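Here the structure comes first, spelled out in structure tokens, and everything after it is commentary.
One-based numbering, in listed order, for ligands and for the atoms of each. Remember, predicted model here, so these are calculated numbers, not experimental data.
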Amino acid sequence: MVFFKGGVSLLSKLRSRAVQHPSLRDSVRWLQVQTFSDLDLHSQLKELIPEQQERLKKIKSEHGKVQLGNITVDMVLGGMRGMTGLLWETSLLDPEEGIRFRGLSIPECQKVLPAAKPGGEPMPEGLLWLLLTGKVPTKEQVDSLSKELRSRATVPDHVYKTINALPVNAHPMTQFATGVMALQVQSEFQMAYEKGIHKSKYWEPTYEDSLSLIAQVPVVAAYVYRRMYKNEQVIPMDDSLDYGGNFAHMLGFDSPDMLELMRLYVTIHSDHEGGNVSAHTGHLVASALSDPYLSFAAALNGLAGPLHGLANQEVLLWIKSVVEECGENVTKENLKDYVWKTLNSGKVVPGFGHGVLRKTDPRYTCQREFALKHLPDDPLFKLVSNLYEVVPPILLELGKVKNPWPNVDAHSGVLLNHYGLTEARYFTVLFGVSRAIGICSQLIWDRALGLPLERPKSVTMEWLENYCKKAA
Ligand SMILES: CC(C)(COP(=O)(O)OP(=O)(O)OC[C@H]1O[C@@H](n2cnc3c(N)ncnc32)[C@H](O)[C@@H]1OP(=O)(O)O)[C@@H](O)C(=O)NCCC(=O)NCCS
């Protein structure tokens, strides 16, 4: 049984839009609901790789010298904003519209990706299939991938021992990243490389590592949670559950709505094109032929920064500080005062702004829709809704903030809090589990396409001064 909500008609609409917009043709060539019975992701990928290798070769040979823009001093000094410098196949971010996974927006993914229950949220395994193959999987293919991930989910004992060597109150991201590093000893890529594998075959052990890593990160993450907050009472995986559902279950949350939230959460946090700190870090480290475990652990360390993944923790803590100071039924006037107080003390308002987006993040919008459907009367959700009205005009008034609108992190905390996952310090670990799907999918393609070592040029201030003098 396949639970599509108008999926086929949506796909035909997308296809006809592609006919009218030549630039979309290439991505939509990939958009086909799978109708054949092949349930094996590996062999699907094997079939696709030669075609994509040829495509890359053609772009290089025919367009290698085409300019993609000018690099300005502002870009060099401004964190490389607006500088196109990376190939990232799995998703593309439009500043006005938000993310598209292999050409599909979040609402489109919610319509066409298989769900665990009729009309439900997309399953992260379906998104993994889409990111890797560019094709929307059937429910049978997703179920087969769920099964494969469960079969790869056994975490070696030494990983738990390594985590246990840390103080129990070490930040959950430190414990999680340490666990991922400990998983690395099982890397098939490293073993194959030591045995002298031919470079045309690199993608195969990378695929094996990536799938095992994706399968095991929820187990490691759940262990960290239970160790820290639930007296080390670990909950084993349930073989009847899918990836997102199992993750919620292992954390200790079994309500059907929380399982749905986790499926949605893991799906929407997985990938956000290649330039964000975690994705770019993973890609950079992997470019040295570091295996998926090493690369993803590095990505997690970037995700742990407050300007990136840690913002979801900061948002809930900040919202709770509002409630502490002003009460749950805080007026908009009092909220404005609190926002100004935060800004005047030299802090950012967490959950607002973005390095690339210039509109409300669609990941925020779909979480808001989830809240409107499942928890419209939650007092913290009402507060988040009021912030949506109060914060943007204030940030605009500052005159320097490029995007005053809420991002993905502005919403996730109150949803999790509603279902009992109240430990804000843990939230970035959930983001990290999801990111494994996006970063590893691209990493497999990095190897399949033979992408090179990343090595941009850097300069000194003196070099810039001299160069600019000459250019004047
Ligand atoms: C995400 C973020 C790091 C993007 O940074 P950026 O690309 O440099 O953003 P901008 O170009 O708009 O920044 C220009 C200025 O506005 C400030 N600004 C941006 N967002 C802000 C916010 N939410 N609150 C207060 N000030 C903000 C920046 O700190 C910067 O100030 P400065 O020139 O004094 O250093 C930034 O918006 C931010 O810190 N947001 C809050 C943290 C957050 O939610 N992160 C999660 C992102 S998904």
Side-chain angles (χ1 to χ4, degrees), residues 72-85 91 93-99 106 173 265 268-281 299-322 335-368 384 387-416 424-425 427-432 434-435 438-439:
T72 61
V73 174
D74 272 346
M75 287 170 169
V76 172
L77 301 182
M80 297 194 277
R81 296 290 187 290
M83 202 188 269
T84 303
S91 64
L93 182 60
D94 179 275
E96 303 294 319
E97 188 203 38
I99 195 68
I106 286 177
M173 279 301 277
Y265 185 102
I268 62 173
H269 284 78
S270 60
D271 204 28
H272 215 227
E273 76 170 27
N276 64 76
V277 171
S278 54
H280 186 191
T281 305
L300 284 178
N301 292 327
L303 194 70
L307 295 187
H308 189 22
L310 206 76
N312 57 7
Q313 156 184 323
E314 298 299 294
V315 169
L316 191 67
L317 294 177
W318 186 80
I319 286 176
K320 286 193 169 168
S321 73
V322 175
L335 257 185
K336 278 183 197 165
D337 292 344
Y338 200 85
V339 171
W340 276 115
K341 191 174 142 187
T342 302
L343 292 169
N344 291 336
S345 63
K347 295 184 198 147
V348 294
V349 182
F352 285 79
H354 198 270
V356 178
L357 273 171
R358 294 298 173 253
K359 284 276 162 66
T360 298
D361 191 334
R363 299 172 298 175
Y364 173 91
T365 309
C366 76
Q367 293 183 86
R368 178 173 163 77
V384 166
L387 286 170
Y388 195 6
E389 288 176 37
V390 165
V391 175
I394 296 179
L395 292 182
L396 279 177
E397 213 177 309
L398 286 181
K400 61 177 182 178
V401 180
K402 296 197 189 65
N403 174 26
W405 302 107
N407 59 52
V408 63
D409 297 317
H411 218 305
S412 51
V414 296
L415 298 179
L416 298 163
R425 275 180 104 218
F427 289 171
T428 312
V429 175
L430 304 172
F431 197 159
S434 170
R435 269 288 141 108
I439 291 175

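Shortest contact from atom 19 (C) of ligand 1 to any protein heavy atom: V401 CG1, 3.8 Å. Closest protein heavy atom to atom 35 (O) of ligand 1: K400 NZ, 5.0 Å. Counting protein heavy atoms only, atom 36 (C) of ligand 1 is closest to F352 O, 4.4 Å. Protein heavy atom nearest atom 46 (C) of ligand 1, with residue, atom name and distance: D409 OD2, 3.4 Å. The single protein non-hydrogen atom nearest to atom 12 (O) of ligand 1 is K402 N, 2.8 Å, given as residue, atom name and distance. The protein non-hydrogen atom at the shortest distance from atom 45 (N) of ligand 1 is L307 O, 3.2 Å. In terms of protein heavy-atom proximity, atom 43 (C) of ligand 1 is closest to A311 CB, 3.6 Å. Remark: minimum distance from atom 44 (O) of ligand 1 to any protein heavy atom is reached at G351 N, 2.8 Å.
Rounding to the nearest 0.5 Å places NZ of K402 at 13.0 Å from CG of L396.
Ligand 1 has at least one atom lying under 4.0 Å from a heavy atom of H308.
Judged by distance alone, the side chain of N403 and the main-chain N or O of L357 form a donor-acceptor pair under 3.5 Å. The main-chain N or O of H269 is never found under 3.5 Å from a side-chain atom of R363 such that the two would form a donor-acceptor pair. In this structure, the side chain of R81 engages the main chain of G79 through a donor-acceptor pair within 3.5 Å. Side chain of D361 to main chain of P406: no donor-acceptor pair is present (N/O by atom type, distance under 3.5 Å, no hydrogens or angles). One N or O on the side chain of Q367 and one on the backbone of V408 form a donor-acceptor pair closer than 3.5 Å. For S91 (side chain) and E273 (main-chain N/O), a donor-acceptor pair under 3.5 Å exists by modelled atom type.
The side chain of L343, and not its backbone, has at least one atom closer than 4.0 Å to an atom of ligand 1 (non-hydrogen atoms only; side chain from C-beta on). Neither the backbone nor the side chain of D361 has any atom closer than 4.0 Å to an atom of ligand 1 (non-hydrogen atoms only).
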* To do: Could you walk me through whether S278 and N276 pass side-chain hydrogen bond (donor to acceptor under 3.5 Å, both in side chains), step by step?
  => CA-CA 6 Å; S278 54; N276 64 76; 3.1 Å; yes
* Decide yes or no on side-chain contact (heavy atoms from CB on, under 4.5 Å) for D337 and K341, but give the supporting numbers first. => CA-CA 6 Å; D337 292 344; K341 191 174 142 187; over 6 Å; no
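Side-chain contact between Y364 and F352 is absent, with no heavy-atom pair separated by less than 4.5 Å.
Between R358 and E96 no salt bridge is recorded (no basic side-chain N to carboxylate O distance below 4.0 Å).
For ligand 1, the polar-atom distance check against R81 finds a nitrogen or oxygen pair separated by under 3.5 Å. In terms of N/O distances under 3.5 Å, ligand 1 is not approached by V348. Checking only distances, V349 does come within under 3.5 Å of ligand 1, N or O to N or O.
Protein heavy atoms come within 4.0 Å of atom 14 (C) of ligand 1. Per-atom contact check: atom 32 (P) of ligand 1 touches the protein, criterion being a heavy-atom distance below 4.0 Å. Within the 4.0 Å cut-off (strictly below), no protein heavy atom is located near atom 2 (C) of ligand 1.
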